[in-house]
S.K.: 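Quick one: the structure is below, questions incoming.
Sequential numbering from 1 along the given sequence is applied to the chain's residues.
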Amino acid sequence: MPSPRLEEINPDNVLAACAIAVRPDQEGLVAPVARSLAEAYAQPAVAWPRLIVDDDRPVGFLMGFLDIRWGQDPADVRSGLWRLNIAADQQGRGYGRFAVAAFADELRRRGADRMFVTWAPGPHGPERFYGRLGFRLTGERSGDQVVGELAL
């Protein structure tokens with residue numbers, strides 16, 4: 001039985017990745033995949049973009065950030081979840097949970113002991129989702145977003 005997997009973005013799947021669209025009420029909360037891919041292209045040393053695929057069907061997009069300096073302290077280097085877009089008609093099926101767990105596994109493989117994520121607070125935001133996965137608010141803000149941390 002097929003199971004979800006993460007695929008590197010390549011010429012064969014880039015258009016499918018760009019076609020991933022979240023629900024209309026979530027559009028102001030997460031950037032479109034095309035913008036994420038442009039940012040990944042501009043910052044290839046830190047961006048980790050992946051298409052979430054189930055049975056050869058694109059169902060979402062994840063982009064992690066790797067080893068960025070956080071704030072003013074040069075010793076504070078972090079990795080975490082930059083973007084998570086699950087297609088509107090695929091939400092509630094466990095793909096977001098799968099993608100976060102798969103990226104956590106990647107970070108563990110790279111030696112990380114924590115994973116970070118930021119999100120815009122609000123009624124349609126992902127705070128409950130991340131809380132159920134074990135993320136805890138750090139009390140920090142990144143622009144207008146709150147910061148969550150997960151121990152790996």
S.K.: Is the shortest heavy-atom distance from the side chain of L62 to the side chain of L81 under 4.5 Å?
M.R.: yes
S.K.: Membership question, hydrophobic clusters at under 4.5 Å side-chain separation (ILVMFWY): are F98 and Y130 in the same one?
M.R.: yes
S.K.: Over all heavy atoms of both residues, which pair between P49 and A40 is shortest? Give the atoms and the distance, please.
M.R.: CG-CB, 3.9 Å
S.K.: If you take all heavy atoms of N85 and I20, which pair is closest and at what distance?
M.R.: O-CG2, 3.8 Å
S.K.: If you look only at pairs with a residue in residues 8-20, which of them pass as a side chain to side chain donor-acceptor pair (under 3.5 Å), with sequence neighbours excluded?
M.R.: E7-N13
S.K.: Does R141 have any side chain to side chain contact (heavy atoms under 4.5 Å, CB included) partners at least two apart in sequence or in another chain, and if so, which?
M.R.: P121, V146
S.K.: If Ile, Leu, Val, Met, Phe, Trp and Tyr residues are connected whenever their side-chain heavy atoms lie under 4.5 Å apart, and connections chain through other members, are L51 and V59 in the same group?
M.R.: no
S.K.: Measuring only between side-chain heavy atoms, which start at C-beta, is F103 closer than 4.5 Å to R50?
M.R.: no
S.K.: Please find the pair of heavy atoms, one from P74 and one from R69, that lie closest to each other, and give the distance.
M.R.: CA-CD, 3.6 Å
S.K.: Can R57 and D55 be counted as an ion pair, charged N to O under 4.0 angstrom?
M.R.: no
S.K.: Quick check for you: to the nearest 0.5 Å, what is the distance between R78 atom CZ and F116 atom CZ?
M.R.: 4.0 Å
S.K.: Are the side chains of F61 and V30 in contact, using a 4.5 Å heavy-atom criterion?
M.R.: no
S.K.: Just how far is it from atom CD of Q90 to atom CG of D54, taken to the nearest 0.5 Å?
M.R.: 8.0 Å
S.K.: For the atom pair CG (L133) and CZ (R128), what is the distance rounded to the nearest 0.5 Å?
M.R.: 12.0 Å
S.K.: In terms of the angle between their ring planes, are F65 and W82 parallel, tilted or perpendicular, with boundaries placed at 30° and 60°?
M.R.: perpendicular
S.K.: Identify the two heavy atoms, one from S36 and one from A31, that lie closest to each other, and give their separation to 0.1 Å.
M.R.: OG-O, 4.3 Å
S.K.: Identify the two heavy atoms, one from A102 and one from L6, that lie closest to each other, and give their separation to 0.1 Å.
M.R.: CB-CD1, 3.7 Å
S.K.: Would you say I68 ends up clustered with L150 if hydrophobic residues are merged whenever their side chains have heavy atoms under 4.5 Å apart, either directly or through other cluster members?
M.R.: no
S.K.: F135 versus E127: any side-chain heavy-atom pair under 4.5 Å?
M.R.: no
S.K.: With a 4.5 Å heavy-atom cut-off, do V14 and L37 have their side chains touching?
M.R.: yes
S.K.: Considering all heavy atoms of both residues, which atom of D56 and which atom of R5 are nearest to each other, and what is their separation?
M.R.: OD1-NH2, 2.7 Å
S.K.: To the nearest 0.5 Å, how far apart are CD1 in I86 and CD in Q26?
M.R.: 9.5 Å
S.K.: Answer whether the closest heavy-atom distance between the side chains of R110 and W48 falls below 4.5 Å.
M.R.: yes
S.K.: Supply the atom-to-atom distance R108 CZ to L152 CG, rounded to the nearest 0.5 angstrom.
M.R.: 5.0 Å
S.K.: Report whether Y95 and W119 are members of the same hydrophobic cluster (ILVMFWY, side-chain heavy atoms less than 4.5 Å apart, transitive linking).
M.R.: yes
S.K.: Less than 4.5 Å apart, side chain to side chain, heavy atoms only: is that true for I52 and L84?
M.R.: yes
S.K.: Excluding sequence neighbours, so at least two apart, what forms salt bridge (charged side-chain N to carboxylate O under 4.0 Å, His left out) with R136?
M.R.: none
S.K.: Consider only side-chain heavy atoms of I, L, V, M, F, W and Y, link residues closer than 4.5 Å, and tell whether L137 and V117 are in one cluster.
M.R.: yes
S.K.: Can any side-chain N or O of D67 pair as donor or acceptor with the backbone N or O of V77 at less than 3.5 Å?
M.R.: no
S.K.: Let me confirm one number: the CZ-CE distance from R35 to M63, rounded to the nearest 0.5 Å.
M.R.: 9.0 Å
S.K.: Evaluate the side-chain proximity of L107 to L66: yes if any heavy-atom separation is below 4.5 Å, no if none is.
M.R.: yes
